[in-house]
Each structure stands twice: as C-alpha cells, then as structure tokens.
Amino acid sequence: MSTLTDRPLSRKNLAVTVATGYIPLIIATLIVFLPLAWMIISSLKNPGEIVTTTLKIFPEHASADNYVKAATKVPFVRFFANSVLVTVVAATIKCVLAVLTAYALVFIAFPFKRVIFILILVALMVPPQAAVLPNYVLIAQLGGLNTYWGIILPGLGTAFGTFLLRQHFLTLPASILEAAEMDGASHWRRLWQVVAPVSLPSIATVALVTIVTEWNDYLWPLIITTKQEFMTLPVGLTLLSNSDSSAQAWGVLMAGSVIVIVPILIVFAALQRYIVAGLTQGSVTG
Amino acid sequence: MSISPATTAAPPAAPAGTHPTPAKRPRYWTARKRRDALIFLAFALPNMALIAVFTYRPLIQNMYFSTLDWTLGAATATNVGLGNYIEFFTSADAPTVLGTTAIFTVATVGGAMILGLLVALALNQNLRGSTFARAAVFSPYVLSGVGVGLVWLFIFDPTYGVLSWVLRGLGASSPQWINDPNLALVMVIIVYVWKNLGYCAVVYLAGLQSMPKEVMEAASLDGASGLRRFFSITVPLLSPTTFFLVITSLLSSLQAFDIIRIMTPTGNGTNTLIFDSYLQAFGAYNRAGYSATISVVLFVILLVMTVFQLRFVERKVHYS
C-alpha cells in the first residue's frame, strides 16, 4: 500500500511497477497453478484426448469417467475413508497430547523439567524416516501390520505441537491464571477453562498443521499396510499407479491425484493464515 | 515392623528444638509437590513415552541393526560387526548415494531459496493481489508429495506430457526423463523446487518486512541503484533469514521421500540416503542390516548439522 501511494503516479512508475511487481507475481502464481489446473482438466478428459497426436487443452465433453474408473479399479472410496479416519483420530489425539504436555511443562512444578523439554526439542530434529525400520519391526511383532492402530500409534508422540504450544503458553499473562488459582481450581479445570480458550488460535495452528501432515503421510502407511482395506489415499494412489503404467492410465491417475490434493487445497484456502504461521514458526524469532 | 521406640522417637525431636513450628510447613510443601509431580506425569507422560519409544528407541536400535547381516522378516541374523559400514564405504554405494544426496540437497535448497527470494521481492511491493499470490505460491508446500509427483510425472511424460508438446513445438524432442538416471534426478529436483519455493518466499518475505526502512531510504537518497541496494544492503541484512532457511531446508531435503518414491519407484539415479535406506530394507533385497547402516550414516549427518544450528542459534541469542 505505502509504496504505491508514496510514488507519484506517472507513466514510468506504472511501467516499472508492472515490470518488477505484477509480471513476476503473475508468473509465480501461474507456475504454481498451471500444473494443478492441468491435473484437474486432464482428470476430466477421456483416454482418447490424452493419448493423441494433436494436443487439445480442454476436454470436448468433460466427464467424471476417470473418477468412476479409479473407484472401480481399486477401492478408492475405502482409501478416502481410511485417510479421513486416520487423520481425524491421529490429529485429535496429537492435539490433546500437545496441549497437556505443553501445559505441564509451563504451569506444573516438576524436577528436571528443563531436561524433559530439551529431549522433546531434540526429538523435533530426529527424522521420522530414519526411525522407520525399528518401528516397523516393533509394530509387526505386536501384530500391527494392516491395522488402523498400527498406522496411527507410532506417529502419535508430538514434539512439534508441544514445542509450539509451550512457546505460546509462556507468553500468557500470569494474571489470568492467578484468579483461577485463588478459586482453588484444579490444573485440569485451569487448562480447559482458562488456558485453552485464550489459546485457541495457537491450538488451531497445531491442529491444522497436524491434519495436513497426517493426510499427506506416506512412508509409514506405505510399509505398514499391504492389504487394500487399510491403505490410505497416498498409498492407494501408489497402488493405482502400479496397476496400470500405460499412457491410457493418466486420466485415472490425475483423478486420483485430485482426490488426494484438492481436500487439502480447500482447507488451506480457508485457513491459510494459521497453516502458514505454523509451518514458518521460528523464522522470525530465530 | 521391628522398629525400636528409640529410633521412631528421635527424628521429630531434632527439628522441634531448632524451630518453633517446623513440622507443618515442610510436610505441606512435600505433599503439594508430590501431588504436582503426579499431575505433571499424568499430563505429560503419555506423550513423553510415545516419543521415547517411537523416536529415541529407533535411533539406538538402528545402531544395533547396523551390525547385523539380516534379511527383513528372517528369524535369525548374523553379527558382522562393522561389516555393513565397510561394505557401504568401500563399494560403489558410498560415492553414488552420498553424491546423489549432495547434488539433490544442494540443488533443491539452492533452487528453492533463490527463486523464493525473487518471489519474495515481488511480493514485498504490497501490490493489489499480493496476499492472494503469497498464499498461492505457498500452497504446493502443503500438498501430498504423492499427488504432486504423479501430476509432474504426467507433465514430464516423453510422449503425452505437456512438456513434450512444448518441446516439439520448439522443434526439439523430449528427453527420456525417467529412463536416463541423470535426467531423472534433474526431474525430481525440479518438482521439489516447485513444491518448496513458496515456503522460502514466505519466510524471506517476513525477513524483508522486518528490515529497517530507513537504511533502504538512506541508500536510495545516496543514489544507489536498485541492483546495488539489493546486493549490498538487502542480501547482507537478510543473512539471519538465509541461515535459518539453509538449515531448515537442508534438514527437510535430507528427509525428502514421497516425490522420489512415486516418480522413480525403484530408484534410478535418485538414490539419496533416505531413499536408498528404504529400498534396501523394503525394496527387492530386504537387507535390513544394511538399510539400518545407511540410516545411521544419515542420522550422523543430521546430528552434525543440528549441533551446528544450535550453536548458531545460541550465538544469535547472545548477540541480540
């Protein structure tokens, strides 16, 4: 705003603004959107419009055939339901655990609290991918292959949510808790009646980032499920792509990609402020 | 049970002589402390236990696995000591896998950061629609790597992909992106840069917006050109942001898996540490011990980088 109004509106400034501002922005936005638009357009084409020697950008008769085919080749509806189930259960538990742990770390006296916090912080930097083999062996021994709990359990510990909420709880003014303390409210009541309600934006941030991560999670569900009835969408999409590698299959694969990508795009479009804030946490404070 | 009257009587007698009302206060505090400790554990222990079992235990167990010649699923394994490490570092695997990891990491981090900075500069002009553009360029960062990988695989398809149409239009023919190991790596890098540049752009934008305006204005009044201002003022002032991005992007690209797996399922010039570790255990060979060895190598690299980062953050905190 300010830069625009500061400048006198001359033809030269307008040209500079367009060349250095609008054109790069439009290019950047197109680079992001064109592949996604191509995915949606292609998912509506029939195979003949994809396997062709004359490129047509838009389908002549847009149809949902590819979506139907995706659902008949593999149990895509089941994959979707599995993804929703795993995401909802895992994200809910992770959020509750993060809120409880962060509250305990900030408001309840305990010896070695600092050591515990550092151990959680370090866990944030351990790549889950490097832990996959030992966790696979353990879960397989416990009988968790091809089960929902086997998919969900190993990822439930949350260092990210705990860290983010702890940082937020530390900024809460002491005065809001003092009143509750005088009333003799228990920690449980103080948490849910005082701390959580004033921290809703931070909790929403943790919830949304967790939902996105769980929905997209790939490596763990990929190795822990071999039966179709337990596969999540990304794993099912892999199955779909393995089942037909001919050029005919692109339309169906794009339909599958739409199903896995578009729900998150919608969530992101509606609540991007929280998601961006959560994912770029630490960048400004250092 | 067999406590003599003398010993039970002794302790209360001692403090009673030194303080007038000693017994009540300490006992009140210990009871409260004990109750607080129990509540703390009730709140935090489930999460702490999960992190211990599924994050810390695997690190240690991987080190043990790495000393085994062990086929995944087999009941028995033979101890080979450092044999797996010797095999990794003396065979062609080390140069191939470490080289691929290095190229992939440097190219994705560098590409996403440079393009991200350029986009951030455009976004920073606060033009109409820049809020939308900011959200738009960030969006690929939150999308499923599997979905994104398939979309780009279609774009790169040598016969029916959009890219092949464009290249044919320009009179060139499409290269075989997937079959050529070098091009497969280039392809995967392009997709990761596309996915991550919005993240870099948003972080850089925050850095740009927190820069003191006076410095820019002073330089502008001194007659410094735009390019000059960019390289001698903007870039140096952004160095904390750049450092933050280098570290976080390095860590995340060393863990990149989804797009590589979906675009090159069996690995073809794209065997980074994390992907090769996966292929060794869960691919054709089921070599669990060797896979653990590669995971340990990756972990050591990440550990060194994390220590480096923590030291820097500490220094920064002290200076500011």
Side-chain angles (χ1 to χ4, degrees), chain A residues 1 3 21-22 24-25 28-29 32-33 35 38-39 42 50-51 55 97 100-101 103-104 108-110 116 120 123 125-127 129-131 133-135 154 156-159 162 187 212 216 218-219 223 234 237-238 241 247 250 253-254 257 260-261 264-265 268 272 275-276 280 283-284 286, chain B residues 33 36-37 39-40 43-44 46-47 50-51 54-55 57-59 61-62 65 119 122 125-127 130 133 135-140 142-147 150-152 154-155 159-160 162 165 202-203 206 210 240 244 255 257-258 262 274 281-282 288 291-292 295 298-299 302 306 313 316:
Chain A
M1 269 300 258
T3 30
Y22 281 109
L25 276 192
T29 311
V32 167
F33 273 142
W38 191 240
M39 162 185 82
S42 305
I50 287 171
V51 184
L55 177 65
L97 288 178
L100 287 173
T101 316
Y103 180 90
I108 306 177
F110 192 77
I116 293 170
I120 292 177
M125 290 151 192
V126 177
Q129 288 89 334
L133 176 65
N135 283 342
L156 285 183
T158 169
T162 304
H187 278 299
V212 168
N216 293 340
Y218 182 46
L219 175 53
I223 60 172
L237 202 48
T238 313
S241 114
W250 280 126
L253 286 175
M254 290 306 103
S257 302
V260 73
I261 282 176
I264 291 294
L265 263 188
F268 180 76
Q272 54 99 4
I275 299 175
V276 173
T280 57
S283 61
V284 187
Chain B
K33 262 189 187 165
D36 267 0
I39 298 173
F40 180 93
F43 276 34
N47 194 16
L50 284 164
I51 291 175
F54 294 111
T55 304
R57 179 195 51 88
L59 290 183
Q61 205 168 20
N62 254 341
F65 285 168
V119 172
Q125 303 186 40
N126 281 320
L127 301 170
S130 61
V137 293
F138 191 88
S139 61
V142 299
L143 300 181
S144 156
V146 177
L150 282 174
V151 170
W152 279 94
F154 180 35
I155 290 171
T159 326
Y160 304 109
V162 178
W165 294 106
V202 168
V203 173
S210 67
F244 171 85
Q255 300 175 35
F257 174 80
D258 303 6
I262 197 73
I274 195 77
F282 301 101
S291 164
S295 287
L298 171 67
F299 179 67
L302 288 168
T306 304
V313 170
K316 211 178 118 192

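Just so it is clear: chains get the letters A, B, ... in the order the sequence lines come, proteins before strands, and each one is counted from 1.
A donor-acceptor pair under 3.5 Å links the side-chain atoms of A/N135 to the main chain of B/F54, judged by distance alone. Judged purely by atom type and a 3.5 angstrom limit, A/Q129 uses its side chain to pair as donor or acceptor with the backbone of B/Q255. The backbone N or O of A/P134 lies less than 3.5 Å from no partner atom in the side chain of B/N62, so there is not a single donor-acceptor pair.
Most heavy-atom pairs under 4.5 Å with chain A: of the set B/L59, B/V162, B/T159, this distinction falls to B/V162. Chosen from A/S241, A/A159, A/P35, A/S42, the residue pairing most often with chain B at heavy-atom distances under 4.5 Å is A/P35. In terms of non-hydrogen atom pairs under 4.5 Å with chain B, the most contact-rich of A/M254, A/Q272, A/M39 is A/M254. Note: B/A122 leads B/A122, B/S291, B/S295 in heavy-atom pairs under 4.5 Å with chain A.
Atoms CD1 and CZ, on A/I275 and B/F138 in that order, are 8.5 Å from each other to the nearest 0.5 Å. Rounded to the nearest 0.5 angstrom, A/Y218 OH and B/F257 CZ are separated by 6.0 Å. The distance from atom CD of B/Q125 to atom OH of A/Y22, rounded to the nearest 0.5 Å, is 9.5 Å. Annotation: the span from A/F33 atom CZ to B/S139 atom OG amounts to 5.0 Å, rounded to 0.5 Å.
For B/V137, the parts lying near chain A are the backbone and the side chain together; criterion is any non-hydrogen pair under 4.5 Å. In this structure, the portion of B/A281 lying under 4.5 Å from any heavy atom of chain A is its side chain and not its backbone. Interface residue A/I223: only side-chain heavy atoms are found under 4.5 Å from chain B. The part of A/V212 that comes within reach of chain B is its side chain, from C-beta onward, which places non-hydrogen atoms under 4.5 angstrom from that chain. Of the two parts of B/F154, the backbone and the side chain both hold a non-hydrogen atom closer than 4.5 Å to a non-hydrogen atom of chain A. Using a 4.5 Å cut-off between heavy atoms, B/S130 touches chain A through backbone and side chain atoms alike. Using a 4.5 Å cut-off between heavy atoms, B/L143 touches chain A through backbone and side chain atoms alike. In this structure, chain A has heavy atoms under 4.5 Å from both the backbone and the side chain of B/L150.
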Give the C-alpha distance, both sets of side-chain angles, the deciding distance and a yes or no for side-chain contact (heavy atoms from CB on, under 4.5 Å) between A/T162 and B/I51.
CA-CA 11 Å; A/T162 304; B/I51 291 175; 5.6 Å; no

Yes or no on side-chain contact (heavy atoms from CB on, under 4.5 Å) for A/W38 and B/I155, after CA distance, side-chain angles and deciding distance?
CA-CA 9 Å; A/W38 191 240; B/I155 290 171; 4.1 Å; yes

Step by step, work out the side-chain contact (heavy atoms from CB on, under 4.5 Å) result for A/V260 and B/V146.
CA-CA 9 Å; A/V260 73; B/V146 177; 5.8 Å; no

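Neither side chain, B/N47 nor A/T158, offers a donor N or O lying under 3.5 Å from an acceptor on the other.
Of all non-hydrogen atoms in B/F43 and A/L100, the two that sit nearest each other are O-CB, 3.4 Å. When all heavy atoms of B/V142 and A/I264 are compared, the closest pair comes out as O-CG2, 3.4 Å. What you find for A/V32 and B/A136 is that their closest heavy atoms are CG1-O, 3.2 Å. Scanning both residues, B/A288 and A/L133, for their nearest heavy atoms gives O-CD2, 3.3 Å.
Note on ring orientation: taking the six-membered ring where Trp is involved, the planes of A/F110 and B/F40 are parallel (angle under 30°, cut-offs 30° and 60°).
Counting only heavy atoms from C-beta outward, the side chains of A/P127 and B/L302 approach each other to under 4.5 Å. Side-chain contact between A/L97 and B/P46: present, with at least one pair of heavy atoms (C-beta onward) separated by less than 4.5 Å.
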